[in-house]
Enquirer: 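Before anything else, here's the structure in question.
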Amino acid sequence: MDVKNIIKNLHPLEIKVLLKYSGQDELTSEKLQKELEYKEGHANQAFSWLSGKELLKEIRRTPHTFFEITEMGRKLAETGTVEERMVNFLKDKGAHTMPEIAAGIGLEQKDVGSAFGPLVKDGVLKMNAEKKVEYTGAALPERIKATMDLVKKAIAAEGGLLNKDDLSAAEASAMEGLAKKRGAADSPFKMIERETVFYKLQSGFEQVRDALKNAGVTGNEIGEITPKMLASGEWKNGTFRGYNIAIPPARIIPGRTNPYVQFLESVKDKLCSLGFQEFDGPLVETEFWNGDALFMPQFHAARDIHDVYRIKNPTHAKFIEEPYLSNVKAAHETGGNTGSRGWNYTFDNEFTRRLILRSQGTVLSAHQLHKAEVPGKYFGIARCFRYDKVDATHLSDFYQTEGIIAGNDVTLRDLLGMLKMFATEIAGAEEVKYVPGYFPFTEPSIEVHIKHPVLGWFELGGSGIFRPEVTKAMGLDCPVLAWGIGIDRMALMALGLNDLRELFCEDIEKVRLRKAKF
C-alpha cells in the first residue's frame with residue numbers, strides 16, 4: 001500500500017472518517033450525519049472515495065419502506081374521505097344522480113365514480129330504478145375508518161412519514177390499498193423504498209490513519225481562501241491542504257450537436273424514409289383531446305394511469321371543436337354510431353375543457369385522425385409530462401414517438417413488424433418480447449419489452465388497434481394501428497447508457513463517447 005500517495009489524495013471528508021472510527025464500527029450515512037455533521041451527499045461521497053481506495057467495504061444492506069402523506073392525504077384529514085362525503089350528502093339530501101352528487105360535494109365525476117363501485121359492493125349505496133344513487137343505511141366499511149386513522153397518524157408523525165416496520169399487521173394491510181410508488185397525486189400516501197447501507201473500514205486503514213496523525217493532518221485544513229478569511233486574517237492561523245498541480249485541467253470542448261438530439265433526428269429520418277408524415281401539436285392540451293377523444297371515461301380509474309399537470313391560469317379552454325365534441329360525447333354516453341354501448345354516464349362538458357400539460361403522445365394521433373388520409377402513415381415526437389418518481393428508467397417529463405397507420409388492409413402482424421423495427425433497428429435490442437396490455441383506446445393492446453444488459457427487462461412502449469369508439473367519432477371508418485414508444489428508453493439502449501438522466505446531464509462528453517448503435 002502506497003500510504004504516502006493515498007494521503008496526498010485524501011479529501012477532508014475521508015480524513016475525518018479515518019480518524020474518527022475503528023475497524024469495528026459499522027458506518028452508515030445517518031451515523032456520519034449525526035456524529036460528523038455531514039450532509040447526506042457528503043457522507044455518500046466519503047464512502048464512495050474510501051471504497052475506491054480500498055479502505056472501506058460494504059458489509060450489508062437493509063431495505064426499508066416508508067409511507068409519506070401526500071397533499072391529498074392532508075386534504076382528507078380536513079374534509080373526510082370521498083365515501084364519507086358521499087354518504088353524508090345522501091343522508092341529508094336524499095337520492096341524487098352521480099353528476100349531482102359530484103357537484104354537491106365539490107368533486108369531479110371520476111372521483112365520485114371511483115368511490116361508488118366499492119360502496120355498492122359493501123351494501124352502503126345502491127342505484128334505484130330512476131338511475132339515482134341511494135344510501136341504504138348500512139355503516140361505512142372498516143377500511144374507511146382505517147384510512148382516516150392512518151392519515152391522522154401520519155400527520156402526527158415527524159415529516160409525515162410512517163415506517164412500515166412500525167405499523168401493525170392491520171395497518172399495513174390497510175396501507176396496501178392507499179399507497180402508490182409512482183403517480184401518487186391521487187393517493188393519500190406515497191410509497192418510498194430506501195436502503196440503509198452499512199460499511200466497515202478495511203484492514204490496512206490503520207497505516208493511513210497513523211500516517212495522518214504523525215503528519216498532524218486533522219481534516220480541518222483550509223482548502224479555499226474566501227474574502228471573509230482575508231478580511232479577518234483567519235487564514236494566518238490555519239493550515240492548508242496540499243494542491244496537486246499534476247491534475248489535468250478540464251477539457252474545453254467547442255459546441256457540438258447533443259448526441260441525444262442526433263438520435264432523435266436519426267429516428268425522424270428512419271420513419272420519413274419509410275413513407276411516414278410528421279405531425280406535431282401544442283404542449284398544453286384539453287382533457288378532451290388528451291383523454292376523452294381516446295375513449296377514456298371521465299370517471300373511470302383508467303384516468304389514474306395518467307397523472308396530469310393542470311394549468312393554473314387559464315384553467316379551461318373556451319370551446320371544443322365540433323362535430324368532434326358531440327361525436328365523442330355520444331360515444332361515451334351511448335356509443336353513438338360506433339356500434340358500442342358506451343360508458344353509460346353523463347358526459348361533463350366542463351371537465352372536458354380543462355387545460356393540462358399533455359400526458360401522452362397519443363393526443364397527437366387523436367388530432368390527426370379526422371384529417372388522416374386512407375391509406376396514410378403518420379408519426380410525431382412529443383414531449384410529455386406525467387407525475388412520476390424519477391429513476392434510471394422513469395422521468396417526470398419525457399419524449400414519446402407516436403404513430404398511426406390507417407388503411408383498410410392493415411393488420412396486427414403489420415403492427416408487430418413496426419414494433420420489432422423500433423426495438424431492434426432503432427433501440428438496438430437483441431432480446432424482444434410482446435406482452436398483452438390494457439389501454440382504453442386500443443383493442444387488442446400490446447406492450448413491447450426489451451432487455452437491457454444492465455437494467456434488465458423494461459417496457460419500451462404500448463400499442464394496439466384503435467377502437468371504433470375512437471376512430472368513428474373522428475369520422476374515420478377503417479382499421480388504425482397505433483403505438484406510443486418511449487424514445488428516451490430507446491436512446492438509453494442505443495447509446496449504451498444505464499440511466500435516463502444521463503441524456504439530460506450538463507456533461508454530455510461521456511454520452512458522446514459511448515458506442516452508439518444507430
Side-chain angles (χ1 to χ4, degrees), residues 96-117 127 130-133 281-282 284-306 308 310-311 314-372 404 406 438-443 445 464-478 480 482:
H96 280 73
T97 64
M98 297 281 278
E100 290 171 342
I101 297 172
I105 61 178
L107 292 174
E108 295 180 0
Q109 284 193 47
K110 72 182 186 72
D111 297 322
V112 172
S114 297
F116 173 71
M127 188 75 76
E130 299 176 353
K131 299 297 182 182
K132 292 185 176 182
V133 181
V284 176
E285 275 292 355
T286 59
E287 287 281 2
F288 177 83
W289 291 109
N290 195 71
D292 296 340
L294 295 170
F295 201 55
M296 296 177 67
Q298 295 176 335
F299 65 87
H300 197 274
R303 290 274 180 165
D304 298 338
I305 298 172
H306 304 281
V308 298
R310 302 181 188 178
I311 304 302
T315 59
H316 289 73
K318 294 181 179 179
F319 65 92
I320 302 295
E321 299 91 328
E322 291 286 3
Y324 312 116
L325 174 61
S326 298
N327 293 348
V328 169
K329 179 177 181 179
H332 279 243
E333 292 183 340
T334 64
N337 66 343
T338 67
S340 166
R341 291 181 294 179
W343 293 112
N344 293 311
Y345 73 99
T346 302
F347 190 84
D348 190 338
N349 284 0
E350 179 75 10
F351 173 84
T352 201
R353 292 189 298 105
R354 190 172 72 181
L355 292 173
I356 59 174
L357 293 180
R358 66 182 175 208
S359 67
Q360 54 182 331
T362 317
V363 65
L364 298 181
S365 296
H367 276 293
Q368 186 66 32
L369 285 174
H370 66 85
K371 51 188 176 183
I404 57 173
Y438 167 71
F439 306 103
F441 36 85
T442 54
E443 183 61 36
S445 300
I465 301 178
F466 272 146
R467 296 172 62 109
E469 294 93 336
V470 176
T471 55
K472 288 189 176 181
M474 293 294 147
L476 196 62
D477 189 11
C478 71
V480 178

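We count residues from 1, following the sequence as given.
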Enquirer: Measuring from K131:NZ to T346:OG1, what's the distance to the nearest 0.5 Å?
Expert: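 One gets 11.5 Å once the value is rounded to the nearest 0.5 Å.
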Enquirer: Rounded to the nearest 0.5 Å, how far does CD1 of I404 lie from CZ of F466?
Expert: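 Between atom CZ of F466 and atom CD1 of I404 there are 6.5 Å.
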Enquirer: Considering all heavy atoms of both residues, which atom of L294 and which atom of A366 are nearest to each other, and what is their separation?
Expert: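 Nearest heavy atoms, L294 then A366: CD2-CB, 4.0 Å.
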Enquirer: Using atom types as modelled and distance alone, determine if a side-chain donor or acceptor of S445 lies under 3.5 Å from a backbone N or O of T442.
Expert: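 Checked: pair present.
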Enquirer: Any heavy-atom pair between the side chains of F439 and T362 that's under 4.5 Å?
Expert: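 With C-beta onward as the side chain, the pair stays apart.
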Enquirer: Rounded to the nearest 0.5 Å, how far does CD of E469 lie from CH2 of W343?
Expert: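 W343 atom CH2 to E469 atom CD measures 8.0 Å (nearest 0.5 Å).
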Enquirer: Listed by chain and number, what are the side chain to side chain contact (heavy atoms under 4.5 Å, CB included) partners of L364, not counting sequence neighbours?
Expert: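 Residues passing side chain to side chain contact (heavy atoms under 4.5 Å, CB included) with L364: F279, R358, A382.
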Enquirer: With distance as the sole test, does E287 use its side chain to make a donor-acceptor pair with the main-chain N or O of G291 at under 3.5 Å?
Expert: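 Pair absent, no side-chain N/O of E287 close to backbone of G291.
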Enquirer: State, with a plain yes or no, whether a side-chain heavy atom of V480 is found less than 4.5 Å away from one of L369.
Expert: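 Result yes, sub-4.5 Å side-chain heavy-atom pair found.
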Enquirer: With rounding to the nearest 0.5 Å, note down the distance linking OG in S340 to NZ in K472.
Expert: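 It comes to 10.0 Å.
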Enquirer: Would you mind reporting whether F319 and R353 have side-chain heavy atoms less than 4.5 Å apart?
Expert: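 With C-beta onward as the side chain, the pair stays apart.
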Enquirer: So, using side chain to side chain donor-acceptor pair (under 3.5 Å) as the criterion, who are the partners of E130 when residues are at least two apart?
Expert: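 Once residues adjacent in sequence are excluded, E130 has no partner under the side chain to side chain donor-acceptor pair (under 3.5 Å) criterion.
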Enquirer: Restricting to side chain to side chain donor-acceptor pair (under 3.5 Å), what partner residues turn up for T338, sequence neighbours left out?
Expert: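 T338 satisfies side chain to side chain donor-acceptor pair (under 3.5 Å) with no other residue.
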Enquirer: Identify which one of H332, K110, E333 satisfies the side-chain hydrogen bond (donor to acceptor under 3.5 Å, both in side chains) criterion when paired with Y345.
Expert: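 Exactly one option meets the side-chain hydrogen bond (donor to acceptor under 3.5 Å, both in side chains) with Y345, and it is H332.
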Enquirer: Would I105 and V112 satisfy side-chain contact (heavy atoms from CB on, under 4.5 Å), going step by step from the backbone distance to the final call?
Expert: CA-CA 9 Å; I105 61 178; V112 172; 4.2 Å; yes
Enquirer: Report the residues that fulfil salt bridge (Lys or Arg N to Asp or Glu O under 4.0 Å) with E285, sequence neighbours left out, ordered by chain and then residue number.
Expert: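 Once residues adjacent in sequence are excluded, E285 has no partner under the salt bridge (Lys or Arg N to Asp or Glu O under 4.0 Å) criterion.
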Enquirer: Between K371 and E321, is the closest basic N to carboxylate O distance under 4.0 Å?
Expert: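 So E321 does not pair with K371 through a salt bridge.
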Enquirer: I'd like to check L355 versus T286 (side-chain heavy atoms, cut-off strictly below 4.5 Å). Are they in contact?
Expert: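 With C-beta onward as the side chain, the pair touches.
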Enquirer: Counting C-beta onward and ignoring hydrogens, is there a side-chain heavy-atom pair between L357 and V308 closer than 4.5 Å?
Expert: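 In short, these two side chains do not touch, never coming nearer than 4.5 Å.
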Enquirer: Partners of D348 by side chain to side chain contact (heavy atoms under 4.5 Å, CB included), sequence neighbours excluded?
Expert: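 Once residues adjacent in sequence are excluded, the partners of D348 under the side chain to side chain contact (heavy atoms under 4.5 Å, CB included) criterion are Q109, Q298, E350, F351.
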Enquirer: Could you report the tightest heavy-atom contact between A406 and L476, atom names first, then the distance?
Expert: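 Distance-wise, the nearest heavy atoms are CB-CD2, 4.4 Å.
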Enquirer: Quick check against the 3.5 Å criterion: does Q360 have a side-chain atom that pairs as donor or acceptor with the backbone of N290?
Expert: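 Indeed, once roles are kept as given, a pair shorter than 3.5 Å links the two residues.
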Enquirer: So which heavy atom on V328 is nearest to which on A473, and how close?
Expert: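 Between these two residues, the closest heavy atoms are CG2-CB, 4.1 Å.
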Enquirer: Could you pull out all residues at least two apart from R341 that satisfy salt bridge (Lys or Arg N to Asp or Glu O under 4.0 Å)?
Expert: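 Once residues adjacent in sequence are excluded, R341 has no partner under the salt bridge (Lys or Arg N to Asp or Glu O under 4.0 Å) criterion.
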Enquirer: Are V133 and E100 close enough that some pair of their side-chain heavy atoms sits under 4.5 Å apart?
Expert: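 Heavy-atom side-chain distance check fails, nothing below 4.5 Å.
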Enquirer: For the CG atom of N349 and the CZ atom of F288, what is their distance to the nearest 0.5 Å?
Expert: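 Result: 10.0 Å between the selected atoms.
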Enquirer: Just wondering, do K132 and H96 contact through their side chains at under 4.5 Å, heavy atoms?
Expert: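 No - every pair of side-chain heavy atoms lies 4.5 Å or more apart.
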Enquirer: Between H367 and W289, is there a donor-acceptor pair closer than 3.5 Å when you use the side chain of the first and the backbone of the second?
Expert: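 A pair under 3.5 Å: no.
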